[in-house]
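One structure below.
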Number of protein chains: 2
Amino acid sequence: MQLADVFQKLEDGSKRITPQREQIIRIFADHPGQPFSAEEIAHLMRERFGDVGLATIYRTLELLMDLEVVTRETVGDGRSHYQWPLDEGHKHPVMICLRCQSSTRIPEDHLRTVGSWALSVLEFQLVDYEMTLYGICRVCHLREQRRRRGRESIS
Amino acid sequence: MQLADVFQKLEDGSKRITPQREQIIRIFADHPGQPFSAEEIAHLMRERFGDVGLATIYRTLELLMDLEVVTRETVGDGRSHYQWPLDEGHKHPVMICLRCQSSTRIPEDHLRTVGSWALSVLEFQLVDYEMTLYGICRVCHLREQRRRRGRESIS
DNA sequence: GTTGCTGCAAATGATTTGCAGTTAG
DNA sequence: CTAACTGCAAATCATTTGCAGCAAC
């Protein structure tokens with residue numbers, strides 16, 4: 001999927017190519033496979049473009065989903081993440097929290113560690129991988145610690 | 001996972017076994033693998049038991065998630081579905097060779113490395129994982145090296 | 001009796017929608 | 001021009017929380 005394809009789709013549906021839409025589309029195009037929340041999009045837009053109403057962002061996201069340009073995945077705490085899917089079936093490694101069900105992509109940097117680990121420990125030259133980690137994310141861990149402390153201080 | 005196990009977990013955490021909780025747990029236990037929304041639980045409870053406050057239902061669901069009795073998956077429209085997971089076989093991590101297609105199980109020992117890596121680098125407490133590595137296994141690698149040397153000596 | 005639990009109502013927070021003014025085509 | 005778009009503020013809707021009364025242990 002290319003930028004031009006998206007603009008074509010917009011024209012085909014007699015949708016307008018406004019500056020706001022163009023920027024939002026570029027954010028996705030520049031980070032294929034990376035999930036963004038609506039808030040994150042708003043933040044990036046503020047930096048790269050100027051203030052854009054959240055309503056506009058949500059409406060653009062809905063439009064892009066209708067055009068099958070981005071996909072939505074809803075995480076545990078009620079927030080949604082939107083992303084420009086990768087072309088082929090290269091499955092990105094994610095961590096899924098067993099508490100809040102949030103799924104976070106594991107940054108590529110950190111995966112080099114797996115590669116060198118596989119090479120040195122298993123004598124296996126890593127070319128590609130599929131990986132899903134299940135566990136407790138930082139946010140939930142902190143929340144539970146806080147709760148536990150709260151309970152203790154009461155007693 | 002059995003009903004009794006859940007009640008045990010409740011006791012272990014000095015949580016009370018109230019009629020509302022018992023019924024909700026039974027609904028899940030009677031339909032393993034079936035997803036229910038909070039509203040659906042409320043509806044079933046009304047039929048089988050009597051009115052139960054939605055707040056109670058949500059609080060019970062949170063409790064059951066903490067006890068790892070049910071899992072939550074959030075669907076596109078912002079609603080969450082909860083379910084008693086099916087007992088599935090723990091999927092072992094394997095390495096698949098792209099040359100000979102051989103698949104080798106990754107020894108558990110080596111996976112502890114991943115766990116500590118996830119904890120230190122990602123601040124994520126690993127509980128379970130699914131992992132498939134694609135690459136070149138040692139045997140194929142050695143065979144290719146031998147060939148390459150063979151060609152060199154000819155030329 | 002104590003905690004912990006429940007129901008209610010009010011609060012929250014992400015997403016949506018109505019509307020009046022603005023702009024791309 | 002004019003239909004489509006934007007920003008704002010108000011509205012929704014699932015979920016959470018404060019609180020007073022209630023009930024398991």
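Residue numbers begin at 1 in each chain, while the letters A, B, ... track the order of the sequences. Computed from heavy atoms alone, side chains included, the values below leave out hydrogens, waters and symmetry copies.
- Taking a cutoff of 4.0 Å between a charged side-chain nitrogen and a carboxylate oxygen, Glu11(B) and Lys15(B) do not qualify as a salt bridge.
- If you take NZ of Lys15(B) and P of dA23(D), they are 20 Å apart, rounded to a whole angstrom.
- Rounded to the nearest 0.5 angstrom, Leu10(A) CG and Leu67(A) CG are separated by 5.5 Å.
- Listed pair Thr56(B) / dG7(C) meets the phosphate criterion, a side-chain N or O lying under 4.0 Å from OP1 or OP2.
- Checking dG25(C), dG7(C), dA24(D) against the side-chain heavy atoms of Ile17(A) singles out dG25(C) as nearest.
- Going from atom CG of Asp12(A) over to atom C1' of dG25(C) covers 15 Å, rounded to whole Å.
- Closest contact between the side chain of Tyr58(B) and the listed nucleotides dA4(D), dT16(D), dG7(C) involves dT16(D).
- Along DNA chain C, the nucleotide nearest Val52(B) and the nucleotide nearest Glu62(A) are compared for position; the residue whose nucleotide lies closer to the 5' end is Val52(B).
- Atom CD1 of Ile25(B) and atom P of dC5(C) are 12 Å apart (whole Å).
- Between Leu44(B) and Ile24(B), every side-chain heavy-atom pair lies at or beyond the 4.5 Å cut-off.
- Side-chain proximity of Ala55(B) to the nucleotides dC5(D), dT17(D), dC5(C) is greatest for dT17(D).
- A donor N or O paired with an acceptor N or O is not found under 3.5 Å between the base of dG4(C) and the side-chain atoms of Arg21(B).
- Ionic pairing of Lys9(B) and Asp66(B) is not present here: no N-O contact between side-chain nitrogen and carboxylate oxygen is shorter than 4.0 angstrom.
- At the phosphate of dT6(D), OP1 or OP2 sits under 4.0 Å from a side-chain N or O atom of Thr18(A).
- For the pair Phe7(B) CZ and dC25(D) P, the computed distance is 11 Å after rounding to whole Å.
- Along DNA chain C, the nucleotide closest to Leu54(A) and the one closest to Ile57(B) are compared, and the more 5′ of them pairs with Ile57(B).
- The side chain of Ser14(A) places no N or O atom within less than 4.0 Å of a non-bridging phosphate oxygen (OP1 or OP2) of dG25(C).
- Contact record, Asp51(B) with Arg46(B): OD1-NE, 3.0 Å, taken as the closest heavy-atom pair.
- In terms of phosphate contacts, Gln20(B) brings no side-chain nitrogen or oxygen within less than 4.0 Å of OP1 or OP2 of dA23(D).
- If you measure from atom CE of Met65(A) to atom C1' of dT16(C), you get 12 Å, rounded to the nearest angstrom.
- We find that CG of Leu61(B) is positioned 13 Å from C1' of dA14(D), with the value rounded to whole Å.
- Mapping Arg59(B) and Pro19(B) onto DNA chain D via the closest heavy atom, the residue that lands nearer the 5' end is Arg59(B).
- Atom CZ of Arg46(B) is separated from atom C1' of dG7(C) by 14 Å (rounded to the nearest Å).
- The NE2-P distance, from His81(A) to dA14(C), rounds to 11 Å in whole Å.
- The shortest distance between the side-chain N/O atoms of Arg16(B) and the OP1/OP2 oxygens of dC5(C) is not below 4.0 Å.
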